[in-house]
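First up is the structure itself, then whatever we jot down about it.
Since the model is a prediction, treat every value here as computed from it, not as a measurement. A, B, ... follow the sequence lines: proteins, then strands. Residue 1 opens every chain.
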2 protein chains.
Amino acid sequence: MSDSLRITLSQLNYVVGDIAGNAAKMIAAAKEAAGQGSELIVFSELSLTGYPPEDLLLRPSLQLRVEAELEKIAEASHQIAIALGFPWREQGELFNCAAVYAGGKSLGRYAKQCLPNYQVFDEKRYFSAGEAACIVELNGRKLGLTVCEDIWHKGPAEQAVAAGAEMILNLNASPYHMGKQQQRVELIQQHVKALKVPLLYVNQVGGQDELVFDGRSFAVAADGQLVAQLSAYQEQSQQLYWQQELTTEVALQSTETGLASLYKALVQGVRDYVDKNGFKGIVLGLSGGIDSALTLAIAADAIGADRVKAIMMPFTYTSGMSKEDAAEQAERMGVPYESVSIEPMYNAFMTALAPQFEGLARDTTEENLQARCRGVLLMAVSNKTGYMVLTTGNKSEMAVGYATLYGDMVGGYSALKDVYKTKVFQLAEYRNALGYVIPQRVVDRPPSAELAPDQKDEDSLPPYDVLDAILERYIEQDMSADAIIADGFAREDVMRVLRLVDVNEYKRRQAPIGVRITQRGFGRDRRYPVTNGWKAGI
Amino acid sequence: MSDSLRITLSQLNYVVGDIAGNAAKMIAAAKEAAGQGSELIVFSELSLTGYPPEDLLLRPSLQLRVEAELEKIAEASHQIAIALGFPWREQGELFNCAAVYAGGKSLGRYAKQCLPNYQVFDEKRYFSAGEAACIVELNGRKLGLTVCEDIWHKGPAEQAVAAGAEMILNLNASPYHMGKQQQRVELIQQHVKALKVPLLYVNQVGGQDELVFDGRSFAVAADGQLVAQLSAYQEQSQQLYWQQELTTEVALQSTETGLASLYKALVQGVRDYVDKNGFKGIVLGLSGGIDSALTLAIAADAIGADRVKAIMMPFTYTSGMSKEDAAEQAERMGVPYESVSIEPMYNAFMTALAPQFEGLARDTTEENLQARCRGVLLMAVSNKTGYMVLTTGNKSEMAVGYATLYGDMVGGYSALKDVYKTKVFQLAEYRNALGYVIPQRVVDRPPSAELAPDQKDEDSLPPYDVLDAILERYIEQDMSADAIIADGFAREDVMRVLRLVDVNEYKRRQAPIGVRITQRGFGRDRRYPVTNGWKAGI
């Protein structure tokens, strides 16, 4: 009968670049696991630097910092074996490594073989690919190391098993997008059935700029059964017992999917951006519309209503209903609420500009001016108080440029940047089902920017269900205009929407970063030229 | 005696994504060269799509568009052989290809082997690497194809020569940075001496978002001699005659280096951004300081003074000297000039914010508010007139965050984003030497943001020569704080400057794009996390 091993999976929330802090956090978790009788603790990919460290990886002094902290990890490994991830430079090349430390020294260091260089990932910018398996032996059991992307291909795990691995450790930094956990589990289960050895999948948790890592680390037994799954978005460690079989006292801690999981992603992204960057709180413009209503709910759920300020900034076109609804929501949520009219500022600008504008017709300039007076007000409050402005725009608006640069687009971060308007409605209903905070009228009324008399979004855009369906095909699926039209959409709508997406790249380039929740967010994920002669068509 | 060949090098200014337009442009140049007796015309890398096409390369319909235009190229090749570059999809993989068309068909297609994935380049995101040489035969002469990065390594050209190439064609899209042409020529000359065959290096010209391509295509004879060099930043075609030796009637058309070349890069970047994106003109805030003075000169040199508007936006702290100097420069350059005080807007905001700000001390909020009133004014003029706001900040400011987001940072494009302040002074002197336009007092007086009484930049920053020296070491050379201090800078200055660079990433992320002229610009070139726990030190 084979030797046994008690293993703790540990999913933590790291701060990118804070190598000493991340090491200390892992060592604390390792000590706790040792106290519970674990013999090995497994952390996630590049846990020492946090993921993704981006161009910090190019700093020559990185290696010195990594070496200094690995000495502390080695020291802590007298109590418990520690599997962790870190960048490692050797003979002028940098590798994305995983290693197991035990008894004060490294038992083996593995270099990631499959380097993702698509979507938000740029790993070939930094790393050279490893070539060899790395098997470490602990309590007489052979463990094969792999890192993230390795497991989405067949080679590295098969190679490890061929080299004698009785279990695969897979250290991940796998960002959330809708439906991702199901993909991960299904893929790994299928994989394991062929490999015939158990696999431990450890992810990190928390927000890092546009990415949110959902944790949900899991273990799959040799027969492909899901033995354990940790919580979504929570720092957590869980012990497994491995002898013949892989067992645990607590099996599935998180089975949340869909809107619940999505809402948590948005909350986590906002919370970590605000807290890791040291902001006192959040200030936002509450308009009485659904985007700012949902954003306010997310903000309050993320950092607490007492750290949030809502400001209504009415003008001539702001309806009484908007003012009432904004005030009602703030009261329901216990968020401090103030109202500051933009009328005097707007009028001062128009007076100053009168000589320039003489003889020119009214156009969107005046609408943008309203939005910009609001932006300046919010930024003044932000600068004076240390509260960060949270932008309230959604993905549909970002896509077609239905937003004012330096106006409603001001802010440090955006909660809804990657959330289509149709999904905004669903999330508002979902949030209200947890506890009624967004006045129903905000959800039910036709959306309006209220920048002109009796304006409705659908006066200048197709209905949101049509708009979003076109956008998703163009942005996420890379479909051509002809292909989208063939799917049953009106040519005129399609051509107009695609043109708007193309010509508004300049706005997105200056937009705040925001939580990515799809497989094609507007950020590192979609790198389009601003100067772009591509015309919608085939 | 070997057969002869008349070859035209053609460096053109393409529009990224405008595949049909770029094909038409190449065909027109090919016809002209054929009319002059040329038998082969050589264009640059990815000339069909323009460079860099970025994520347009991921669109499935790209291949259809490429194929359609290659048919027209093939048709034109009945008159003259055509070497060009284009993306090509085969068996699910995309390649960065060069091909020679002659007599209505392709003589051979080469796939780039060395794919740059560093600095601003992301070619591994899109392309698979080729493996084989491609030799095409024309008039009995064997030509080996290579693409850009290939020539910065030894393999591909050696492989081509081993396969029989008597000449190397190297199709490039090589962006400018200071000193680059000398690097290129020296490298190729050294290379050619070993290869013992002549080499034709063809680059594109023109601005594409943050990149500027300087052209300066050149030919090196088999003995390493520089036989021809085309102009910088100009569309140009030049014929070479190749029999035993490689000869031409005009040798070196461009030998400009240093400030002259740098100034042209800035002008070209601005011109192409404005014109390729269809703006009517440029509007900018002229403050009486040196950054906006130089930016105005660049703008007028780029698109003509009649398409530029300068607006002075004085406030209490604006000196009489600033107003005089701004007006004088505008007059000297023949640029329409207006003055709009921000006082009424500033006061309206302060009155509206009085309840919020009660009991709180004056701080940078009030300074930012001035900058933001100016930003809103400029954007209103831009929206109403179709003139693009050209931002006036420099690299030193961008680095340390000495700029107001949504204030002086508003704009579609930035001329000086990658130009350190010390270089701004040199460029102003250089421009004045061509024709005096910037009042000497603007160059001589100590820089001030004029956002508070008697303010000088050096009150809150180290002197610019010290600041820029520290910044260049940290940003361009990736030196650590300790290493910079060891170079003789005060620890206090170094730690403060590095901290400012690190914490101001969020501003740069929302800054307008601007001309890149160093080897580490703030754009695609430097991908730092905003949420960043890295502390300056080792």
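Glu123(B) and Lys124(A) are not joined by a salt bridge, as no carboxylate oxygen comes within less than 4.0 angstrom of a charged side-chain nitrogen.
Remark: side-chain polar atoms of Lys384(B) are not paired, donor with acceptor, to backbone N or O of Glu366(A) under 3.5 angstrom. Proximity of a side-chain donor or acceptor of Gln356(B) to a complementary backbone N or O of Ala380(A) within less than 3.5 Å is not detected. Under the 3.5 Å distance criterion, the side-chain polar atoms of Arg527(A) are left unmatched by any main-chain donor or acceptor of Asp122(B). A donor-acceptor contact shorter than 3.5 Å is absent between the side chain of Tyr406(A) and the backbone of Met409(B). Side-chain atoms of Asp478(A) never come within 3.5 Å of backbone atoms of Pro60(B) as a donor-acceptor pair (strictly under, hydrogens ignored). Side-chain atoms of Tyr528(B) do not come within 3.5 Å of backbone N or O of Pro53(A) as any donor-acceptor pair. Within the 3.5 Å criterion, the main-chain N or O of Phe121(B) finds no donor-acceptor partner in the side chain of Arg125(A).
At a 4.5 Å heavy-atom cutoff, the contact between Ala361(A) and chain B is made by backbone atoms alone. Interface residue Leu62(A): backbone and side-chain heavy atoms are both found under 4.5 Å from chain B. With a 4.5 Å cut-off on non-hydrogen atoms, Leu369(A) touches chain B through its side chain but not through its backbone. The part of Asp525(A) that comes within reach of chain B is its backbone (N, CA, C, O), which places non-hydrogen atoms under 4.5 angstrom from that chain. In this structure, chain B has heavy atoms under 4.5 Å from both the backbone and the side chain of Ala352(A).
Annotation: side chain of Val530(B) is not in contact with side chain of Tyr413(A) (no heavy-atom distance under 4.5 Å). Considering only heavy atoms from C-beta on, Asn383(A) stays 4.5 Å or farther from Asp363(B) through its side chain. Between Pro529(A) and Leu56(B) there is a side-chain heavy-atom pair separated by less than 4.5 Å. With contacts defined as side-chain heavy-atom distances shorter than 4.5 Å, the pair Arg59(A)/Ser480(B) does not qualify. Using a 4.5 Å heavy-atom cutoff, the side chains of Thr531(A) and Val16(B) are not in contact. A 4.5 Å side-chain heavy-atom check between Leu353(A) and Val340(B) finds every atom pair outside the cut-off. Within the 4.5 Å cutoff, no side-chain heavy atoms of Phe349(A) are placed close to those of Ile342(B).
Interface summary for chain B: among Gln208(A), Arg65(A), Gln119(A), the most heavy-atom pairs under 4.5 angstrom belong to Arg65(A). Listed options Glu338(A), Met479(A), Arg524(A) were ranked by heavy-atom pairs under 4.5 angstrom with chain B; first place goes to Arg524(A). The candidate with the highest count of non-hydrogen atom pairs below 4.5 Å against chain B, out of Asn277(A), Asn22(A), Leu64(A), Val15(A), is Asn277(A). The greatest number of non-hydrogen atom pairs below 4.5 Å with chain A, out of Met379(B), Glu210(B), Lys276(B), is found for Met379(B). Between chain A and the options Asn368(B), Ile311(B), Leu405(B), the largest number of non-hydrogen pairs under 4.5 Å is found for Asn368(B). Counting heavy-atom pairs closer than 4.5 Å to chain B, the top-ranked of the candidates Val503(A), Thr364(A), Val381(A), Val410(A) is Val410(A). Contact tally against chain A (heavy-atom pairs below 4.5 Å) for Ala20(B), Ser341(B), Cys373(B): the top residue is Cys373(B).
If you take OG1 on Thr385(A) and CZ on Phe357(B), they are separated by 8.0 Å, rounding to the nearest 0.5 Å. Note that NZ of Lys535(A) and CG of Asp18(B) are 5.0 Å apart. Values are rounded to the nearest 0.5 Å. Distance CG/Leu58(A) to CZ/Arg520(B): 6.0 Å, rounded to 0.5 Å. Going from atom CE of Met388(B) over to atom OH of Tyr506(A) covers 11.5 Å, rounded to the nearest 0.5 Å.
Across all non-hydrogen atoms, the minimal contact from Arg509(A) to Ile513(B) is NH1-CG2, 3.8 Å.
Every residue was checked against the salt bridge (charged side-chain N to carboxylate O under 4.0 Å, His left out) condition with Arg271(A), not counting sequence neighbours, and none meets it.
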